[in-house]
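What follows is a set of notes on a single structure, which appears directly below.
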Amino acid sequence: MKLLYFAWVREKIGKSEEVIELPENVATIADLINWLVEQGPEYKQAFAAKSTINAAIDQTHVSHNTQLNNANEIAFFPPVTGG
Amino acid sequence: MPIRVQTENFDIQAEIEKLRQDRRDVGAIVTFTGTVRDMAKGKPITSMELEHYPGMTEKQLSEIEQQAHERWPLLGSTIIHRYGKLEPGDNIVLVITLSSHRQAAFEAAQFLMDFLKSKAPFWKKETPLKGQANWVDAKESDTDALTRWGDETSKQ
């Protein structure tokens with residue numbers, strides 16, 4: 001599964017994307033965040049304010065309780081500030 | 001209906017003509033242009049870097065545009081958003097709506113901008129005259145703006 005990071009989430013983690021093997025007990029976006037936080041201090045810092053992080057599954061906005069199912073691409077980013 | 005995400009500037013008049021071509025049923029053309037301010041939170045800025053999520057940006061803008069066309073009798077629309085490095089005074093975003101009458105064109109343009117601001121995956125990083133560059137915080141008022149259009153997902 002491909003993970004993408006944008007803006008300050010990307011800067012804190014130190015990379016813009018990576019491919020991971022999804023652990024079996026990770027079913028939702030919230031589970032994935034909890035798992036990522038354990039992968040290193042940079043992830044812990046990036047997801048420190050969990051509720052402010054937005055997520056997208058296959059380029060569609062989703063809430064943290066959304067099931068990952070067979071997602072190809074999951075992105076994490078701060079609230080958007082375009083326009 | 002053109003949607004473009006690009007680094008280069010846009011020519012508003014040329015974009016209007018491209019959209020309108022030679023049709024004669026258009027009675028109202030509304031354009032909105034967003035530009036870079038030279039101040040952020042009372043402090044001067046020298047530039048801004050706009051990042052986006054290629055693929056998702058275009059997808060979100062298409063969905064927003066489609067919704068506008070379902071709600072209003074539009075004869076055409078254009079959305080152009082720039083990314084990369086921009087300086088005060090530079091254009092950031094252009095929305096054009098065409099309709100037979102002004103109300104639909106005005107409302108649809110506002111709807112498109114309101115949705116773009118809270119759904120399109122763009123992030124601004126400002127470089128102040130003094131000190132470090134910093135990411136712009138999202139405004140509550142931008143999400144609140146969606147509630148007037150009856151958007152439930154804005155409460156997500």
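Proteins come first, then strands; the chains are lettered A, B, ... in the order of their sequence lines, and each starts at number 1.
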According to a hydrophobic-cluster definition based on side-chain heavy atoms being under 4.5 Å apart (Ile, Leu, Val, Met, Phe, Trp, Tyr only), do [X] and [Y] belong together?
{"X": "Y5(A)", "Y": "V136(B)", "answer": "no"}
{"X": "I96(B)", "Y": "I3(B)", "answer": "no"}
{"X": "I80(B)", "Y": "V36(B)", "answer": "no"}
{"X": "L116(B)", "Y": "M48(B)", "answer": "yes"}

Give the minimum heavy-atom separation between [X] and [Y], together with the two atoms involved.
{"X": "K119(B)", "Y": "V80(A)", "answer": "N-CG2, 4.0 Å"}
{"X": "Y53(B)", "Y": "A75(A)", "answer": "CE1-CB, 3.4 Å"}
{"X": "A56(A)", "Y": "M56(B)", "answer": "CB-SD, 3.7 Å"}

Roughly how far, to the nearest 0.5 Å, is NZ of K117(B) from OG1 of T81(A)?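 It is 8.0 Å, given to the nearest 0.5 Å.
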To the nearest 0.5 Å, tell me how far E63(B) CD sits from H61(A) NE2.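 Taking CD in E63(B) and NE2 in H61(A), the distance rounds to 8.5 Å.
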For [X], which atoms come within 4.5 Å of any heavy atom of chain A: side chain, backbone, both, or neither?
{"X": "K59(B)", "result": "side chain"}
{"X": "K124(B)", "result": "both"}
{"X": "D137(B)", "result": "backbone"}
{"X": "E49(B)", "result": "neither"}

Decide if atom [atom1] of [X] counts as having more than 12 heavy atoms of other residues, nucleotides or ligands within a radius under 6.0 Å.
{"X": "R37(B)", "atom1": "CZ", "answer": "no"}
{"X": "N70(A)", "atom1": "CG", "answer": "no"}
{"X": "R102(B)", "atom1": "CZ", "answer": "no"}
{"X": "Q39(A)", "atom1": "CD", "answer": "yes"}
{"X": "E8(B)", "atom1": "CD", "answer": "yes"}

Quick check for you: among G34(B), A138(B), S118(B), which has the greatest number of heavy-atom pairs under 4.5 Å with chain A?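 Highest number of heavy-atom pairs under 4.5 Å: A138(B).
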Can you tell me which of F122(B), W123(B), Y83(B), F32(B) forms the most heavy-atom pairs within a distance under 4.5 Å of chain A?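 Ranked by heavy-atom pairs under 4.5 Å with chain A, first place is W123(B).
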Quick check on D58(A) against chain B: is it the side chain, the backbone, both or neither that has a heavy atom closer than 4.5 Å?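 Backbone only.
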T60(A) versus chain B, the contacting section by heavy-atom distance below 4.5 Å: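 Contact with chain B involves both backbone and side-chain atoms of T60(A).
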